[in-house]
Amino acid sequence: MLQSKLLTLLRAFSKEELKRFDAFIASPYFNQSEKLVKFYRLIQPHQPRFDSDKLQKEVLYKALHGKGKYSDATMRELISELFKLAKAFIAQEEMQADGLETCALRYRWLYKRNVEKLPVTELEGWGLKLDNYPVHDFNYYQHRWLNDKSRFLMRSDAMIDTAHKMLKSFDVLDHVHSLNRNYLINCFSAYNYLLAFTKVNEYFVNETALTQIEALATDYINKGDIVIDILFYAFQLARTNNEMYYYHLKSRVFENNSKVPESILTEATVALKNYGGQQLSDGIEKFRVEMLNIYRFEVDNNYFLCKGKMSYNFYFNIAAVVSESSELDWADNFVENYKHYLPVEFGEDAYYYAKAHILFARRLFEPALRMAVSCKIPFPVAKILIRNLVARIQYELGMLEEMYTELETHRHHLKDENLGEDYRLKLYTFTTVLRQLGELKGNYDPRKLDQ
């Protein structure tokens, strides 16, 4: 079979995109080689996997050139040229799908050519499209600033045209605010990532820069721009770990405003869960209900999916957190009804672990143990979680020797340099406490109570 980046790329195309790519390469504007068109049409019928034996280079060469002597150089050139066209097609598709970028490119061309009146008309159309843009994503803020910047430059170039309505009404302060908003959302997004990274890896971020961003943001918070509000509160929560910002962020997220991009809502719910999970881990039990509400919000709005799949961590956490609340039936229904969203390679094992948690919460210890020991997810943290659950079940069943053996495996994990100190301490505490409980249970003799 033909092995190339070309087939890897074509596998990523949808059925409709493959059809449009056919029309794209058939257009003499983009491609003037009939051989390339024919070459693609030999490949296209083998979608979507493109793994047929008919895709051997020798077979394709013969279909293109008849019985002539095979030339690998010719085939490599055809593959290379078609790959370049495929990448050009992707750029064309993305540009056409992004109405704002199309407006920007048209305006830029007209402005450079100084076409009479048309740049002004295009600029106004670009602004109108921004006014009606449904989602205030990063692209929106970038283009809002670029549109204002273009107005500013046009105003500078055309001072004599003060009678023109658009130019006369231009406000420099509006342009400054547009620039600040674009700057803020990019800063918040970058620093939210960096602050999360520093917590895991125990680094520190210069507070001076964070204070300057906070100062600039004060003029834009709670002024009607919900995207900036969400990013700001996530930034402050990551920076200060202050519970006040948790509730501010939760309030904004749960509005579920259609102008907020799904990607930002997803990141914000992660920030809420990180904080809530830490509080719950520290023994603040009220955050169990908080975590349940966040999980419900994510599930109801499908914010837990990434490319149509659910991470096993999300599935694990639902089972572990919710099964210990009053919403056991909801957790059980989730585990059963959403397992098909798990990646194939982890689906069965993740289900075993989650179901073991539910059964454990229902005090059905023997089936819970069978499920837990069946889970074979290989990642270190997952292994720890699974072994912890197995040990807890063994304790309840009175299988103390087996429990001690299970806890003994944590010696290896406690020496793992990649394990964070906070997690290492929690693991050590869990192991120590469960071992002590086992010793108490082993020494307990109910007959002594009758004496």
Side-chain angles (χ1 to χ4, degrees), residues 1-109 112-113 137-139 142-143 146 193 261-263 266 305-312 340-347 378-379:
M1 187 186 75
L2 177 65
Q3 299 290 339
S4 73
K5 291 183 289 186
L6 171 63
L7 293 189
T8 301
L9 191 55
L10 293 179
R11 290 187 189 105
F13 285 13
S14 68
K15 187 175 181 179
E16 290 302 315
E17 285 170 336
L18 289 168
K19 287 182 181 178
R20 291 198 296 275
F21 183 48
D22 185 285
F24 179 87
I25 63 173
S27 166
Y29 179 82
F30 297 105
N31 169 48
Q32 296 184 354
S33 170
E34 286 293 329
K35 189 174 289 186
L36 274 176
V37 176
K38 187 177 179 181
F39 178 47
Y40 174 67
R41 288 175 181 171
L42 289 171
I43 297 173
Q44 187 184 20
H46 302 287
Q47 61 178 286
R49 296 183 62 85
F50 297 100
D51 59 358
S52 169
D53 289 339
K54 294 181 179 179
L55 294 179
Q56 299 283 354
K57 286 197 288 186
E58 292 81 2
V59 174
L60 292 168
Y61 184 89
K62 185 176 181 181
L64 286 168
H65 299 91
K67 296 182 179 180
K69 184 180 179 181
Y70 172 73
S71 170
D72 194 63
T74 299
M75 288 304 298
R76 287 201 305 270
E77 184 178 355
L78 281 171
I79 293 167
S80 175
E81 290 302 313
L82 193 56
F83 181 66
K84 290 176 184 177
L85 282 172
K87 291 196 292 183
F89 169 75
I90 292 170
Q92 183 73 16
E93 288 276 296
E94 287 295 294
M95 187 191 71
Q96 288 182 339
D98 186 349
L100 296 179
E101 191 63 29
T102 304
C103 286
L105 291 171
R106 284 200 302 262
Y107 167 74
R108 193 181 306 160
W109 190 93
K112 286 193 297 185
R113 301 298 177 93
D137 55 11
F138 294 101
N139 196 39
Q142 176 77 2
H143 278 274
L146 286 173
Y193 170 79
E262 184 177 322
S263 60
T266 301
L305 296 177
C306 179
K307 297 181 179 179
K309 293 296 180 182
M310 167 175 51
S311 76
Y312 76 87
H340 62 281
Y341 286 111
L342 288 162
V344 174
E345 61 269 32
F346 304 127
F379 305 119

| So how far is it from Leu342 CG to Tyr312 OH, rounded to the nearest 0.5 Å? | 11.5 Å
| note | NE2 of His143 to CG of Asp137, rounded to nearest 0.5 Å, is 9.0 Å
| Nearest heavy-atom neighbours spanning Val37 and Ile25 | CG2-O, 3.5 Å
| request: For residues Arg41 and Lys38, determine if any side-chain heavy atom of one lies less than 4.5 Å from a side-chain heavy atom of the other. | output: no
| Where is the tightest heavy-atom contact between Phe50 and Ile43, given as atom of each residue plus distance? | CE2-O, 3.4 Å
| said: Just so I know, are the side chains of Lys87 and Leu9 near enough to count as touching, which here means a heavy-atom distance under 4.5 Å? | reply: yes
| Does any non-hydrogen side-chain atom of Gln44 lie less than 4.5 Å from one of Phe21? | no
| Can you tell if the side chain of Lys35 reaches within under 4.5 Å of the side chain of His65, non-hydrogen atoms only? | yes
| task | Hey, could you give me the CZ/OG1 distance between Arg76 and Thr74, rounded to the nearest 0.5 Å? | result | 9.0 Å
| Do the non-hydrogen side-chain atoms of Leu105 and Trp109 ever get within less than 4.5 Å of each other? | no
| note | With Leu42 as partner, the option from Leu64, Val59, Leu55 fulfilling side-chain contact (heavy atoms from CB on, under 4.5 Å) is Leu64
| Separation between CG of Leu146 and OH of Tyr107, rounded to the nearest 0.5 Å | 11.0 Å
| note | Nearest heavy-atom contact between Glu17 and Phe89 is O-CZ, 3.5 Å
| said: Test of understanding: with salt bridge (Lys or Arg N to Asp or Glu O under 4.0 Å), list the residues that count as partners of Lys309, not counting sequence neighbours. | reply: none
| task | Using modelled atom types only, decide if a donor and an acceptor are shared between the side chain of Tyr61 and the backbone of Lys69 within a distance under 3.5 Å. | result | yes
| field | Expected output: side-chain Thr102 to main-chain Asp98 donor-acceptor under 3.5 Å | value | yes
| task | May I ask you to check whether over 12 heavy atoms, not counting those of Gln32, lie within 6.0 Å of atom CD? | result | no
| message | Tell me if the centroids of the rings in Tyr40 and Phe24 come within less than 6.0 Å of each other. | response | no
| field | Pairwise side-chain contact, Leu10 with Gln47, heavy-atom cut-off 4.5 Å (strictly under) | value | no
| task | Flag yes if more than 12 heavy atoms outside Glu77 fall under 6.0 Å of its CD atom; otherwise flag no. | result | no
| Contacts of type side chain to side chain contact (heavy atoms under 4.5 Å, CB included), residue Thr266, not counting sequence neighbours | Glu262, Tyr303
| What is the minimum heavy-atom distance between Pro378 and Phe346, and which atoms define it? | CD-CE2, 4.3 Å
| said: Minimum heavy-atom separation for Tyr70 and Lys57, please, with both atom names. | reply: OH-CB, 3.5 Å
| Which atom pair, heavy atoms only, marks the closest approach of Ser52 to His46? | CB-ND1, 3.4 Å
| message | Return the CE to OG distance between Met75 and Ser71, rounded to the nearest 0.5 Å. | response | 9.5 Å
| said: As a quick check of understanding, evaluate side-chain contact (heavy atoms from CB on, under 4.5 Å) for Gln92 and Phe30, giving each step before the final call. | reply: CA-CA 11 Å; Gln92 183 73 16; Phe30 297 105; 4.2 Å; yes
| query | Atom CG of Leu82 and atom CG of Leu6: how far apart are they, to the nearest 0.5 Å? | reply | 5.0 Å
